[in-house]
Protein chains: 2
Amino acid sequence: MTTETGHLARPTLSGSLAEAVIRMIGEEGLVAGERIGPQRDLAARFGVAVPTMREALRRLEGLGILSFRHGSGIYVGENYNRSVLPNAVLPPADRERLVELVQARVLIEPAIAHQAATVREPAAVARLADLLQDAHRCLTTGEDRLWRVNVDLHRAIADAAGNRIVAEVLDVILLLHAEDQRRILTLHGDPRADYEEHAELVRLITAGEADEVARRMHEHLTDVAGAIGPAKD
Amino acid sequence: MTTETGHLARPTLSGSLAEAVIRMIGEEGLVAGERIGPQRDLAARFGVAVPTMREALRRLEGLGILSFRHGSGIYVGENYNRSVLPNAVLPPADRERLVELVQARVLIEPAIAHQAATVREPAAVARLADLLQDAHRCLTTGEDRLWRVNVDLHRAIADAAGNRIVAEVLDVILLLHAEDQRRILTLHGDPRADYEEHAELVRLITAGEADEVARRMHEHLTDVAGAIGPAKD
DNA sequence: CATGGGAAGTGATCTAATCACTTGATCACC
DNA sequence: GGTGATCAAGTGATTAGATCACTTCCCATG
């Protein structure tokens with residue numbers, strides 16, 4: 001029970017190498033998308049053989065902190081300096097797992113919306129308006145992008161709450177079994193009603209109506225959860 | 001679409017190997033702590049050279065899905081079939097980051113407590129009583145374990161909510177910069193008051209007082225956040 | 001100016017050998 | 001007979017160098 005080291009110890013060479021690479025990225029001020037040196041140079045720099053260096057780099061690739069491109073180079077990934085990460089190699093989800101995923105959203109997102117209406121991070125609030133408009137466009141033209149836009153809208157709400165950890169948590173939840181979530185939610189959802197509810201959520205956040213937006217967000221998500229939850233397949 | 005592939009694609013050999021290993025673990029029904037075969041056998045089985053196989057395994061090690069023990073074997077780790085993972089190689093946290101961490105708890109935990117008082121997963125509720133008693137013992141004897149016990153109590157509350165995703169989220173938040181969190185919270189906290197508040201939280205959960213426990217949890221955490229938040233160092 | 005080819009840079013994989021650590025059994029000693 | 005040291009086998013860790021595959025970009029050609 002209370003043992004649990006959380007796999008944080010790194011007594012191994014490969015482990016300390018990974019740590020050293022992280023430090024190096026920080027010192028050189030590299031950001032996501034930029035290239036780190038060639039593996040051969042890195043190996044020489046840290047005084048190890050290429051395969052050993054590659055093991056350390058692969059480890060970071062698993063976390064999404066690095067990204068390999070054959071023939072091109074090794075690049076800093078999106079998850080560098082990100083705290084909460086999704087398990088990228090998760091076994092396929094059963095129905096129960098998906099229900100839990102949606103219920104987790106029911107639990108967390110109202111609180112996020114409440115905070116968003118309180119903090120109202122300007123950049124994110126501006127993006128809310130854009131996304132809403134974009135969603136409306138997709139709705140009239142029937143574009144496939146609608147799902148993505150709606151997800152981005154929920155993420156923008158989290159951004160408006162002004163807390164990176166919270167934003168990352170929601171990000172991960174929305175990313176987990178993303179395809180399954182999309183299938184299940186588009187199946188049970190009404191695009192028109194979704195849009196109206198999103199518009200109302202954005203209005204309430206902009207107006208700073210924290211309590212009301214939390215209530216509405218709860219309803220917005222409970223509708224979906226209720227539709228898929230009880231169904232036993 | 002907004003770019004962002006979420007590093008889910010695995011066109012590389014090392015990537016599909018990692019996926020295959022995950023499948024293999026599932027098929028053989030292995031659980032955390034059990035040994036997977038020797039790397040040489042695995043390499044032969046999947047028809048690749050040892051270094052290539054090791055790269056795939058290292059990638060999973062980075063995620064905490066595997067654990068290497070020199071001379072002993074390679075074992076299934078705690079994070080197998082876990083959805084939400086902590087970044088184990090995070091650069092050191094600045095003060096702002098730690099404040100966000102605590103604020104994230106303020107945001108999420110009241111909702112968790114509310115759900116816990118509603119669902120009241122029996123096993124977890126039973127553990128709550130045990131942990132409370134344990135905390136009391138630590139308090140009287142002045143043991144160092146108190147911090148760990150208190151953290152476990154918060155985690156048990158999340159378990160009582162009966163949602164694995166939510167429990168994992170809280171787990172990760174409590175694990176992030178754990179040492180910094182411990183330092184900052186023990187500095188500003190009053191062990192005696194903490195115990196009383198925890199006892200009240202447990203009582204309310206057991207009694208199913210969802211709204212009240214959410215309010216109390218919010219206060220319980222706001223006290224701490226308020227104490228460390230404004231201070232500009 | 002556009003295009004195709006080729007050279008250089010870089011990652012991907014392999015082979016095969018050696019070293020280091022763990023584990024368990026064996027065996028000597030008490 | 002029990003206890004402890006020792007050793008052998010199993011397994012991970014690291015190395016070296018070579019070769020193949022992919023990307024990028026420059027330059028010559030049309």
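Reckoned from all heavy atoms, side chains included, excluding hydrogens, waters and symmetry mates. First the proteins, then the strands, lettered A, B, ... as listed; each starts at 1.
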Nearest-Å distance, CD (Gln39(B)) to C1' (dT18(C))? 14 Å
Nearest-angstrom distance from the residue atom CD of Glu55(A) to P of dG11(C): 16 Å
May I have the distance from Ile36(B) (atom CD1) to dG12(D) (atom P), rounded to whole angstrom? 8 Å
For Arg58(A) and dG11(C), give me the distance from atom CZ to atom P, rounded to whole Å. 11 Å
Measure the distance from CE on Met53(B) to C1' on dT11(D) and round it to the nearest whole Å. 15 Å
The nucleotide from dG11(C), dA13(D), dT13(C) with an atom nearest the side chain of Phe68(B) is dA13(D)
Nearest whole Å is fine: how far is dA12(C) P from Leu13(B) CG? 10 Å
Salt-bridge criterion met for Asp171(A) and Arg82(A) (N-O under 4.0 Å): yes
Ignoring hydrogens and geometry, is there a side-chain-to-backbone donor-acceptor pair from Glu100(A) to Ile165(B) under 3.5 Å? no
note: Arg54(A), atom CZ; dT10(C), atom P; distance rounded to Å ~ 14 Å
Does the side chain of Arg35(A) get closer than 4.0 angstrom to OP1 or OP2 of dT10(C) through an N or O atom? yes
dT13(C), dG11(C), dT11(D): which one has an atom nearest the side-chain heavy atoms of Pro38(B)? dT11(D)
Hey, which sits more toward the 5' end of DNA chain C by its nearest nucleotide, Pro51(B) or Ser72(A)? Ser72(A)
Nearest-Å distance for atom pair CG/P, residues Leu42(B) and dT11(D): 11 Å
Tell me whether Glu168(B) is salt-bridged to Arg97(A), with the criterion being a basic N under 4.0 Å from an acidic carboxylate O. yes
Among dT10(C), dA12(C), dC21(C), find the nucleotide with the atom closest to the side chain of His70(B). dC21(C)
Salt-bridge test for Arg183(B) and Asp180(B): reply yes if a basic N is under 4.0 Å from a carboxylate O, no otherwise. yes
Nucleotide nearest Ile74(A) (side chain, heavy atoms from C-beta), chosen from dT18(C), dT14(D), dG11(C): dG11(C)
Using a cut-off of 4.0 Å on non-hydrogen atoms, how would the nucleic acid contact of Arg69(B) be classed: base, sugar-phosphate, or nothing? sugar-phosphate
Would you mind classifying the nucleic acid contact of Val48(B) as base, sugar-phosphate or nothing, using non-hydrogen atoms under 4.0 angstrom? sugar-phosphate
Tell me whether Glu55(B) is salt-bridged to Arg58(B), with the criterion being a basic N under 4.0 Å from an acidic carboxylate O. no
